[in-house]
Engineer: 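Have a look at this one before I ask anything.
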Amino acid sequence: MFKQLRKANKNDYLLITATLILLVVFNLSLLSYVQGQQKAAELDQAKDYEEALKFADAALYEVKIAGKNNFASYKSSLTEKKHHNQLGLGLRALAAGDPTPLLVMQVMQMDTKEAIYVNKSLLELFGCELSSEFYDYYGQSPLNLISPGDQARVKEEFTDFVESAVDEERFRGDCQILTADARTLRVFCDMKYSVNQRYGALVYISFVLN
């Protein structure tokens with residue numbers, strides 16, 4: 001009987017030990033999860049007044065892109081890319097109600113023209129629901145928006161315009177665009193070259209279906 005009792009005590013000890021190990025593993029996993037959530041939440045929290053304004057501005061832009069009767073909470077993904085929140089509220093307020101599809105590019109180098117602003121009408125024209133989808137489709141070149149058959153001509157015309165343009169100069173032309181959902185559309189483009197004190201050379205392009 002004494003041996004049986006010792007055996008029972010040993011089994012209980014093993015059970016208790018296994019239970020304690022499981023509790024420790026569970027608590028460590030829970031702690032790791034909570035710390036991860038806290039770290040993610042910290043990315044979405046402003047550290048000062050200026051950053052709070054920046055976060056609110058980024059969320060406001062997403063609401064304007066989505067249209068009326070919407071709301072958005074700030075997420076760190078809204079400012080992972082600098083794109084849409086670079087030009088200040090004035091341009092966004094103007095373009096938010098503009099029915100003409102509008103794209104703004106920053107001419108960083110002759111072979112790099114970064115899209116930094118789009119309005120809702122442009123997203124609809126190119127078959128994109130979110131501005132991030134359009135930026136991914138655009139990549140680093142406006143030629144990604146152009147149908148292959150027109151790319152060589154558009155590249156030559158656009159390069160000549162940007163290299164020789166002066167502030168507020170315009171260029172108008174037509175081409176076929178290739179949308180993100182694989183539609184080919186002929187459009188009329190009105191381009192304006194503008195020198196911004198903060199962002200340097202910018203090109204504003206409006207698109208009208210031809």
Side-chain angles (χ1 to χ4, degrees), residues 61-68 78 80-210:
Y61 173 83
E62 290 301 315
V63 172
K64 287 187 174 182
I65 284 295
K68 296 181 179 179
L78 296 183
E80 283 176 357
K81 296 182 179 180
K82 57 184 180 179
H83 299 311
H84 49 253
N85 56 2
Q86 288 191 335
L87 298 181
L89 184 59
L91 174 61
R92 291 198 295 280
L94 174 66
D98 189 350
T100 303
L102 175 66
L103 165 67
V104 181
M105 296 183 300
Q106 183 181 23
V107 182
M108 303 174 70
Q109 300 174 353
M110 293 316 300
D111 58 346
T112 303
K113 300 165 184 68
E114 184 177 6
I116 58 174
Y117 180 82
V118 295
N119 66 357
K120 184 180 179 182
S121 298
L122 190 80
L123 296 184
E124 293 173 348
L125 177 64
F126 280 91
C128 299
E129 292 186 7
L130 302 174
S131 56
S132 57
E133 293 178 18
F134 177 83
Y135 294 130
D136 288 341
Y137 181 63
Y138 177 94
Q140 290 268 315
S141 172
L143 290 179
N144 293 332
L145 310 178
I146 307 301
S147 177
D150 277 356
Q151 283 186 0
R153 174 179 62 84
V154 170
K155 180 179 180 180
E156 181 178 359
E157 292 177 350
F158 185 80
T159 300
D160 289 345
F161 169 65
V162 172
E163 286 181 345
S164 61
V166 296
D167 193 23
E168 300 301 312
E169 185 173 343
R170 304 183 86 100
F171 175 82
R172 296 176 176 86
D174 67 312
C175 66
Q176 282 193 328
I177 60 172
L178 183 63
T179 66
D181 52 358
R183 290 173 295 131
T184 300
L185 303 172
R186 181 157 292 279
V187 297
F188 177 81
C189 300
D190 184 2
M191 293 186 285
K192 183 177 79 170
Y193 183 90
S194 178
V195 178
N196 184 283
Q197 290 183 351
R198 184 174 181 182
Y199 301 111
L202 302 175
V203 178
Y204 296 73
I205 306 179
S206 59
F207 297 81
V208 180
L209 288 174
N210 205 344

Engineer: In Å and rounded to the nearest 0.5 Å, what is the CG to CG distance from Leu202 to Asp167?
Structural biologist: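 Between atom CG of Leu202 and atom CG of Asp167 there are 9.5 Å.
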
Engineer: Measure the shortest side-chain to side-chain distance between Ile177 and Thr184 over non-hydrogen atoms and say whether it is less than 4.5 angstrom.
Structural biologist: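 Side-chain contact under 4.5 Å: no.
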
Engineer: If you define the side chain from C-beta out and look only at heavy atoms, does anything of Leu209 sit under 4.5 Å from Phe188?
Structural biologist: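 Leu209 does not reach Phe188 side chain to side chain.
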
Engineer: Should Asn210 and Val187 be marked as a side chain to side chain contact (heavy atoms under 4.5 Å, CB included) after you check the CA-CA gap, both sets of side-chain angles, and the distance that decides it?
Structural biologist: CA-CA 5 Å; Asn210 205 344; Val187 297; 5.5 Å; no

Engineer: Are any of the side-chain nitrogens in Glu168 or Lys192 under 4.0 Å away from the carboxylate oxygens of its partner?
Structural biologist: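 So Glu168 pairs with Lys192 through a salt bridge.
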
Engineer: Would you please test Phe158 and Arg153 for side chain to side chain contact (heavy atoms under 4.5 Å, CB included) and show each step?
Structural biologist: CA-CA 9 Å; Phe158 185 80; Arg153 174 179 62 84; over 6 Å; no

Engineer: Rounded to the nearest 0.5 Å, what separates atom CG in Leu103 from atom CG in Leu125?
Structural biologist: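 Reported to 0.5 Å precision, the distance equals 10.5 Å.
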
Engineer: Do the side chains of Glu133 and Tyr138 get nearer than 4.5 Å, heavy atoms only?
Structural biologist: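 SC-SC contact between Tyr138 and Glu133 ruled out.
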
Engineer: Charged N to carboxylate O under 4.0 angstrom, Asp150 versus Arg186?
Structural biologist: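 The answer is yes: the pair qualifies as a salt bridge.
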
Engineer: Side chains of Leu145 and Phe134: does their closest heavy-atom pair fall under 4.5 Å?
Structural biologist: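 The answer is yes; the side chains approach within 4.5 Å.
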
Engineer: Spell out, as yes or no, whether a donor-acceptor pair under 3.5 Å connects the side chain of Glu169 to the backbone of Val166.
Structural biologist: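 Yes, because the side chain of Glu169 sits within donor-acceptor range (under 3.5 Å) of the backbone of Val166.
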
Engineer: Taking the side chain from Tyr137 and the backbone from Thr179, do they hold a donor-acceptor pair closer than 3.5 Å?
Structural biologist: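 Yes: the side chain of Tyr137 pairs with the backbone of Thr179.
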
Engineer: For the atom pair NZ (Lys155) and SG (Cys175), what is the distance rounded to the nearest 0.5 Å?
Structural biologist: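 The SG atom of Cys175 is 15.5 Å from NZ of Lys155, to the nearest 0.5 Å.
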
Engineer: Shortest non-hydrogen contact from Pro148 to Leu178?
Structural biologist: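 Closest heavy-atom pair between Pro148 and Leu178: CD-CD2, 4.4 Å.
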
Engineer: Does the side chain of Leu122 come within less than 4.5 Å of Leu102's, by heavy atoms?
Structural biologist: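 A side-chain contact under 4.5 Å is absent here.
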
Engineer: Quick one: closest heavy-atom pair of Asn119 and Thr100, and the distance?
Structural biologist: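 Distance-wise, the nearest heavy atoms are ND2-O, 2.9 Å.
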
Engineer: Give the ring-plane orientation class for Phe207 versus Phe126, where under 30° counts as parallel, over 60° as perpendicular and anything between as tilted.
Structural biologist: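 The arrangement is perpendicular - the two ring planes meet at more than 60°.
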
Engineer: Which pair of heavy atoms, one from Cys128 and one from Ala180, lies closest together, and at what distance?
Structural biologist: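 For Cys128 and Ala180, the tightest heavy-atom pair comes out as SG-CB, 3.8 Å.
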
Engineer: Has Glu156 got more than 12 heavy atoms of other residues, nucleotides or ligands less than 6.0 Å from its CD?
Structural biologist: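 Not buried by this count: 12 neighbours or fewer within 6.0 Å.
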
Engineer: Could you walk me through whether Met191 and Tyr204 pass side chain to side chain contact (heavy atoms under 4.5 Å, CB included), step by step?
Structural biologist: CA-CA 6 Å; Met191 293 186 285; Tyr204 296 73; over 6 Å; no

Engineer: Give, for atom CD1 of Ile205 and atom CG of Asp190, the distance between the pair rounded to the nearest 0.5 Å.
Structural biologist: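 One gets 9.5 Å once the value is rounded to the nearest 0.5 Å.
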
Engineer: Taking all non-hydrogen atoms of both residues, which atom of Leu123 and which atom of Glu129 are closest, and how far apart?
Structural biologist: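 It is CD1-O, 4.0 Å.
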
Engineer: Give, for atom CZ of Arg183 and atom OG of Ser147, the distance between the pair rounded to the nearest 0.5 Å.
Structural biologist: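 The distance works out to 13.0 Å.
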
Engineer: How long is the gap from CE on Met105 to CD on Glu114, to the nearest 0.5 Å?
Structural biologist: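 Answer for the CE-CD pair, Met105 versus Glu114, is 11.5 Å.
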
